[in-house]
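Worksheet: the structure to be examined is printed underneath.
Predicted model, so just to flag it, every value in this text is computed and none were measured.
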Amino acid sequence: FKKMFASQHNNKTDYMKEFLIQHNITDKNIIFWAKKNNVDYKVVPEINALSAINFVFQKKLDMIIYGGGGILRKDIISAVNNFVINPHCGPLPEVRGMNAIEWAFLLKLPLETTVHFIDKGIDTGDIISRTPSPFYNGINLEQLRAKAVISGILEINRLLTEYQDIENFPRQKNPGVIAGRQCYVMAPALEELVSYKLNKLSCS
């Protein structure tokens, strides 16, 4: 099914582009946005660089919203009193790590985005909220991923609007390594299997 897998990538609906247009976000990247809105920013060689930690300390930030990949070390987490939150594109603690929405689909687990605090483990911090990732027959792999990311963006916006102070965010203990599994980057063959199963659903 390699041909079908390639076709899904080439003919995907760009949900993220539609989302940005819908919310009138036209900047090329976060640097352009920061300059336009007079927001301080720092380009660093890597996420745990000393320059990044110093920037966080100097700006006396209340929190960090981390939307990237990679493991944050304790120095940068402690720089904001452990107030680092992350939208994880899968259910926690069932699926920790990479390609979470794909693994959740393959393992027949709930398709949801989990907003959680980051601690020294990998996706083991306290859970703040869970939001279902929109799913329907006919969705392809790239659309599934985009929907999960968008769910996380909208949920963080809701949390910041509703609670304002991060200290008031709800917290639920995350059993982490005890109850869940560590997932790694999905091999291309397994990605093809996910695409095959999604396509089979759309044809049923």
State, to 0.1 Å, how close [X] and [Y] come at their nearest heavy-atom pair, and which atoms those are.
X	Y	result
D126	R171	OD2-NH1, 2.9 Å
A179	P175	CB-CB, 3.6 Å
P87	G67	CD-CA, 4.5 Å
C183	V95	SG-CG1, 3.7 Å

Counting only heavy atoms from other residues, nucleotides and ligands, does the tally under 6.0 Å from [atom1] of [X] exceed 12?
X	atom1	answer
Y136	OH	yes
I178	CD1	no
R181	CZ	no
K36	NZ	yes

Got a second to check how far [X]'s [atom1] is from [Y]'s [atom2], nearest 0.5 Å?
X	Y	atom1	atom2	answer
I127	L92	CD1	CG	5.5 Å
N199	N137	CG	CG	11.0 Å
T26	F32	OG1	CZ	11.0 Å
S129	E162	OG	CD	9.5 Å
S195	K200	OG	NZ	14.5 Å
Y163	I128	OH	CD1	10.0 Å

Classify the angle between the aromatic ring planes of H88 and H116 as parallel (below 30°), tilted (30 to 60°) or perpendicular (above 60°).
perpendicular
Common cluster, [X]/[Y], ILVMFWY with side-chain heavy-atom separation under 4.5 Å:
X	Y	value
F135	W103	yes
L106	I101	yes
L159	I65	yes
V84	L160	no
W33	F19	no

Under a 4.5 Å cut-off applied to non-hydrogen side-chain atoms, are [X] and [Y] in contact?
X	Y	value
V177	R96	yes
L201	Y196	no
I47	I76	no
L107	E94	no
K42	S51	yes
Q164	N168	no
F169	F83	no
I21	K17	yes

Backbone N/O of [Y] and side chain of [X]: donor-acceptor pair under 3.5 Å:
X	Y	answer
N99	E102	no
D119	G121	yes
T113	A148	yes
N48	R73	yes
N29	I31	yes

Taking atom types as modelled, find out whether E112 and S133 have a side-chain donor-acceptor pair closer than 3.5 angstrom.
no
With side chain to side chain donor-acceptor pair (under 3.5 Å) as the test, would you mind laying out the steps for T124 and N174 before giving the verdict?
CA-CA 6 Å; T124 56; N174 182 352; 5.8 Å; no
Please report, to 0.1 Å, the donor-acceptor pairs under 3.5 Å made by any side chain of residues 52-63, with sequence neighbours excluded.
{"from": "N54", "atom 1": "ND2", "to": "L50", "atom 2": "O", "distance (Å)": "3.4"}
{"from": "K59", "atom 1": "NZ", "to": "D40", "atom 2": "OD2", "distance (Å)": "2.7"}

Does N140 form a side chain to side chain contact (heavy atoms under 4.5 Å, CB included) with L144? I'd like the steps, not just the answer.
CA-CA 6 Å; N140 66 35; L144 183 68; over 6 Å; no
Could you check whether E192 pairs with K197 (Lys NZ or Arg NE/NH1/NH2 to Asp/Glu carboxylate O, under 4.0 Å)?
no
Charged tip of K147 within 45° of Y15 ring normal and under 6.0 Å
yes
Can you list the steps and then say if I118 with Y66 is a side chain to side chain contact (heavy atoms under 4.5 Å, CB included)?
CA-CA 9 Å; I118 288 181; Y66 184 56; 3.6 Å; yes
Dump the intermediate steps for side chain to side chain contact (heavy atoms under 4.5 Å, CB included) on V194 and M186, then the final yes or no.
CA-CA 10 Å; V194 171; M186 188 172 276; 3.9 Å; yes
Can you list the steps and then say if L198 with L141 is a side chain to side chain contact (heavy atoms under 4.5 Å, CB included)?
CA-CA 7 Å; L198 287 169; L141 179 55; 4.2 Å; yes
